[in-house]
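First up is the structure itself, then whatever we jot down about it.
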Amino acid sequence: MDKTYQPNAIEQQWYQTWEESGYFKPSGDTSADPYCIMIPPPNVTGSLHMGHGFQESIMDALIRYHRMQGDNTLWQVGTDHAGIATQMVVERLLAAEGKSRHELGRDKFIERVWQWKEESGGNITRQLRRLGASPDWSRERFTMDDGFYKAVQEVFIRLYEDGLIYRGKRLVNWDPKLHTAISDLEVLNEEEQGHLWHFRYPLSDGSGHLVVATTRPETMLGDTAVAVHPEDERYKHLIGKTIKLPLAEREIPIIGDDYVDREFGSGCVKITPAHDFNDYEMGQRHSLEMINILDADANLNDEVPEKYRGMERFAARSQVVDDLDALGLLEKTEPHTLKVPRGDRSGVVIEPWLTDQWYVKTRPLAEDAIKAVEDGRVNFVPDNYQNMYFSWMRDIQDWCISRQLWWGHRIPAWYDTDGKLYVGRSEEEVREKHNLGGIELTQDEDVLDTWFSSGLWTFGTLGWPEDTAELKAFHPTSVLVTGFDIIFFWVARMMMLTLYFKKEVPFHTVYVHGLVRDSHGQKMSKSKGNVLDPIDLIDGIDLESLVQKRTSGMMQPHLRDKIEKQTRKEFPEGIAAYGTDALRYTYYSLASTGRDIRFDVGRIEGFRNFCNKIWNASRYVLQNCEGYDCGQDGGEDFELSLADRWIISQLQRTEKTVREAMDTYRFDLASQALYDFVWAEYCSWYLELSKPVLWDENVSQAVKTGTRRTLIRVLETILRLAHPLMPFITEEIWQRVKALAGTSGDTIMLQPYPEADERRIDTGAEAAIAWLKVVTEGVRNIRGEMNISPAKKIPLLLRGGSEEDRERLEACRSLLTKLASLESITWLDSGETAPASATALAGDLELLVPMAGLIDVAAESARLQKEIDKLEKELARVRGKLDNPKFVDKAPAHVVAKEKDKLAEMQSALSRLDKQLRAVGEL
RNA sequence: GGGUGGUUAGCUCAGUUGGGAGAGCGACGGCCUUACAAGCCGUAGGUCACAGGUUCGACCCCUGUACCACCCA
């Protein structure tokens, strides 16, 4: 083995072996518990970002953990066609060639998208493999493959036939850049600085005017009423009168509606039913005329006075303001903070616009979806996310599922020349079913919202609408791993659609994780230039390439410079190659309960070092076991030492902790428990404790065999315990270790996951080694504080102490000598005077290191004084507690007793330290 | 405006029935001690956001306040 752990030397090779050997497939053992996770399908043409890395790592840990427990385990993988996102990318590619999709035409364009999918579609799955993810690649699906198309059609048609899908002319969120409707969820409302303009609207009868306030003056050209509160004393007498709408020169009514907030502005509201969702509602209530003043580009159309026709919306806005001002109708302009709706893909301001769209009637579907969570058939981890789910579900709006795109599942609906609608699987089917003969039919131009197809993911991937064996075996699935931002988009839709069509929940548990942010808590984004690529953390990247990567394709040069500077400052050496295992371990250590995680490169380095630690510990173990009897043949000819029994005991506790953590999705606690055990117990103590045994000729063969057996078997168990978290290094080492540990098998992936055996918990051995540690640390403290070279062997005198202390010393004498680097250990008789010494305490036992030539008086006095000060502070607190009669009376007896013991112990320690301080002072 | 989460060492974070505040990184001092300098040994550093309350006892439970983040309107 190399002296240093080199992740790139092992990772790729193992992955290939695993995949080729078919280890990722379900065992097919139907008598075992099924375990199934559906991957949230990433965008087929996307690339892996930190959020994916985090999410896939969590899923893979769960999958490997369950696979090792013998479950019939399926991780279903696949990609999403991602309608808008993918279409935008391809349109941008075309634009670079100076073409538009309209020039190409629909069929050619779609062909082009498929071509792009073929070119770039392997990217994300390749990256997934780099993470060590172990899904069943043989079952990979795509949301637009043939089987999925069938499922999507089936769902659409049945929902339509059941009256749950309808077509209607409604206000939608219109994206004027992408020329499509989008759902409420795809609209981001961000606060922006704008203005509030106050206009005077003259009453038709010339008796005065009303003042209305608006943030969107151009919409006044489409006003069809002014509303006031029906009980507003200022205005209620005006209800029923009319306004002469300026510029448009139309008469519009004044209406009363209690939606109006009397406190806001003047208490009068202009109503534009065709361009505002609230106004639309009011328009419905009052049967107001709807005047659409915008075209698909959000330019003004022919419904407005000639002057404004064809104007861009924001140009029209200032023109309207200017013109009203010129007419003396602008009362005032105020700065105003408002929420501006923007498309999450295009970034442009969304316009409420009146169009024909397809909708899913969600209320009936939501009822079951709510119930399933209420009665615990589905539970959220952490559970507070169910509130988010409930609040949205209970106030759900109908879902606009049609998109005016070309890339996606085309809506299976046809119109005859009279506009009559037919829904069916194909034109032929529709013709036949409705006896249409040869009349002309045209298919609906729209495609379905991407989330409509991903909503079928859990059962669509398993073969539905066929009644497959996979559906029986794996549905409902076990757990869904996802970010909270996707709860509405995806989780909610899967719940509704799956419950409706499968009559069962899509999954039992939803594990919700947070967002991956940078080390300062900022969202990672291209424009901030703080994006980390998981692959760069695995393979490393030099500074110039990183700068190049972060600043390429930047529109704004000033951002470019800033990002370059900041990158050079943060990564002066570029990024080192930390390897997949270290990256994954970092994710796990940060994955506490559903909160956002800040990714700090310092952490990943620490875990790379941890990998190196395991690597080198293994080297040591192998060096000392290869070619020796390690009990691998099942012989009984060995004897377990105190240290052996201790580390085995600690191992049981660790196994228990890790399993509990994994079972409760506390990957942070699992990784922490493992890290502590491996580094702080196994490496720092047990390996050191094994040396005096293996290197001492006087130790019996049986004890040496016991130690070797324990070294190798504990290591082998550690590897299995860690495998779900760090798959590569554990496999690499396990292959070298398995035979010596008396086990066999082709891969660690399919070995049983360690389980604690309570019978092997040995409290006696634990207490003995705890004693050894305290004494060792006492001596080390003196050595460290007194700057005594580690190479210098020193004599140790012991005084006081109990019979138990003496027994423990005899049990551990050689271990202590080695660990504390001692020249000799001498037990002083009670009457015997000690030479001038530095002192440390281990309970009742005094540890004395003679000062001659090693320790100077001043330093030792200072050290003792420090100890005394610390102890006195503690003592004062405990004494205060015990002096309080209320505490003594009311606290449970065992707590009081414990405090009393503590007090006595500290008093005794203090008096001995005092005595020692005086003795040192007299020198 | 409604809701959720957060505030613990310089930084990133643990702390699960209320009973002596922890880890990693960083800092400081000492070491190439035959697995590992990506290491070893030692040390320092915290009024657990603030104010009340409950309790013999509060990082933990309750109330309120401040600030941060996110979701919804």
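Quick note on labels: first sequence line is chain A, next is B, and so on, each numbered from 1.
The CZ-P distance, from A:Phe610 to B:rG39, rounds to 12 Å in whole Å. When rounded to the nearest whole Å, the span between CD of A:Glu605 and P of B:rA37 equals 15 Å. Note: NZ (A:Lys792) to P (B:rC41) measures 22 Å, nearest angstrom. The CD atom of A:Gln672 sits 13 Å away from the C1' atom of B:rC25 (whole-angstrom rounding). Atom-to-atom, CZ of A:Arg780 to C1' of B:rC40 comes out at 9 Å; the value is rounded to the nearest Å. In this structure, the CZ atom of A:Arg863 is 15 Å from the C1' atom of B:rG30, given to the nearest Å. One atom, CD1 of A:Ile597, and another, P of B:rG6, lie 16 Å apart when rounded to the nearest Å. One atom, CZ of A:Phe484, and another, P of B:rC72, lie 9 Å apart when rounded to the nearest Å.
Separation of the P atoms belonging to B:rC11 and B:rG26 is 15 Å when rounded to the nearest angstrom. The separation of B:rC13 from B:rA73, taken at their C1' atoms, amounts to 34 Å, rounded to a whole angstrom. Between B:rU63 and B:rA58, the distance separating the two C1' atoms is 15 Å to the nearest Å. Spacing of C1' atoms, B:rU7 relative to B:rA14, comes out at 15 Å, to the nearest Å. Here the separation of B:rC25 from B:rA38, taken at their P atoms, is 13 Å to the nearest Å. Rounded to a whole angstrom, the distance from the P atom of B:rA44 to that of B:rC50 is 24 Å. Nucleotides B:rU43 and B:rA23 have their P atoms positioned 11 Å apart, rounded to a whole Å. For the P atoms, the distance linking B:rG24 with B:rC62 amounts to 32 Å, nearest Å.
The phosphate of B:rC41 has neither OP1 nor OP2 within less than 4.0 Å of any side-chain N or O from A:Asn781. Contact check, A:Lys886 against B:rC56: no side-chain N or O comes under 4.0 Å of OP1 or OP2. Dashed line: the shortest gap from a side-chain N or O of A:Trp679 to OP1 or OP2 of B:rA35 is not under 4.0 Å. The phosphate of B:rC36 has neither OP1 nor OP2 within less than 4.0 Å of any side-chain N or O from A:Lys613. A sub-4.0 Å separation between OP1 or OP2 of B:rA35 and a side-chain N or O of A:Lys691 is present. Here A:Lys3 reaches the OP1 or OP2 of B:rA37: one of its side-chain N or O atoms lies under 4.0 Å away. The shortest distance between the side-chain N/O atoms of A:Arg666 and the OP1/OP2 oxygens of B:rG15 is below 4.0 Å. An OP1 or OP2 oxygen of B:rC13 is reached within less than 4.0 angstrom by a side-chain nitrogen or oxygen of A:Arg598. Residue A:Asn609 has a polar side-chain atom (N or O) positioned under 4.0 Å from OP1 or OP2 of B:rG39.
When distances are taken from the side chain of A:Arg603 to each of B:rG42, B:rA38, B:rU12, the shortest belongs to B:rU12. Minimum atom distance to the side chain of A:Asp600 is reached by B:rU12, of the listed B:rA14, B:rG19, B:rU12. Side chain of A:Lys866, nearest nucleotide from B:rA69, B:rU43, B:rA35: B:rU43. Distance from the side chain of A:Tyr675 is smallest for B:rG24 among the nucleotides B:rA38, B:rA35, B:rG24. If you check B:rG20, B:rC56, B:rA38 against the side chain of A:Ala891, the one that comes closest is B:rC56. Picking from B:rC56, B:rC41, B:rG24 the nucleotide with the shortest atom distance to the side chain of A:Ser684 gives B:rC41. Relative to the side chain of A:Met388, the nucleotides B:rC71, B:rA44, B:rA35 differ in distance, and B:rC71 lies closest. For A:Asn787, the listed nucleotide lying nearest its side chain is B:rG30; candidates were B:rA73, B:rG30, B:rA38. For A:Arg517, whose side chain is taken as the heavy atoms from C-beta onward, the closest listed nucleotide among B:rC36, B:rG20, B:rA69 is B:rA69. Listed candidates were B:rA35, B:rC72, B:rU12. Nearest to the side chain of A:Ala617 is B:rA35.
Nucleic acid contact for A:Cys611: none, since no nucleic acid atom lies under 4.0 Å from a heavy atom of the residue. Contacts of A:Thr4 with the nucleic acid, taken as non-hydrogen atoms under 4.0 Å apart, include base atoms. Using a 4.0 Å heavy-atom criterion, one finds that A:Asp889 contacts no nucleic acid atom at all. Counting any heavy atom pair closer than 4.0 Å across all strands shown, A:Ile788 reaches no nucleic acid atom. When heavy atoms are screened at a 4.0 angstrom cut-off, A:Pro892 is found touching base atoms of the nucleic acid. Across all strands shown, A:Phe599 has no heavy atoms under 4.0 Å from either base or sugar-phosphate atoms.
The partner of B:rC67 is B:rG6, by the rule that a Watson-Crick or G-U pair needs both atom distances under 3.5 Å. Nucleotide B:rU17 forms no Watson-Crick or G-U wobble pair with any nucleotide shown, as no partner meets the under 3.5 Å limit on both distances. In a base pair of the Watson-Crick type (N1 to N3 plus N6-O4 or O6-N4) or a G-U wobble (N1-O2 and O6-N3), with each distance short of 3.5 Å, B:rC61 is matched with B:rG53. Across the strands present, B:rC32 finds no partner; the criterion is a Watson-Crick or G-U wobble pair with both atom distances under 3.5 angstrom. Using the Watson-Crick or G-U wobble rule with both distances under 3.5 Å, B:rC48 pairs with nothing in any strand shown. Nucleotide B:rG24: paired with B:rC11 (Watson-Crick or G-U wobble, both distances less than 3.5 Å).
Ring pair A:Tyr385/A:Phe484 is parallel by interplanar angle, where below 30° counts as parallel and above 60° as perpendicular. Relative orientation of the A:Trp615 and A:Tyr5 rings is tilted, given thresholds of 30° and 60° on the angle between their planes.
In summary, A:Arg780 and A:Glu777 do not engage in a salt bridge, as defined by a charged side-chain N under 4.0 Å from a carboxylate O. Between A:Glu872 and A:Arg877, none of the side-chain N atoms (NZ, or NE/NH1/NH2) sits under 4.0 Å from a carboxylate O, so this pair counts as no salt bridge. Between A:Glu899 and A:Lys902 there is a salt bridge, with a side-chain nitrogen of the basic residue lying less than 4.0 Å from a carboxylate oxygen of the acidic one. Checked for salt-bridge contact, A:Lys866 and A:Glu785 meet the test: a charged N lies under 4.0 Å from a carboxylate O.
Using modelled atom types, one side-chain atom of A:Arg493 and one backbone atom of A:Phe489 make a donor-acceptor pair closer than 3.5 Å. Looking at A:Ser391, its side chain does come within 3.5 Å of a backbone N or O of A:Met388 through a donor-acceptor pair.
Checked by atom type, the side-chain pair A:Asp644/A:Tyr686 shows a donor-acceptor distance below 3.5 Å.
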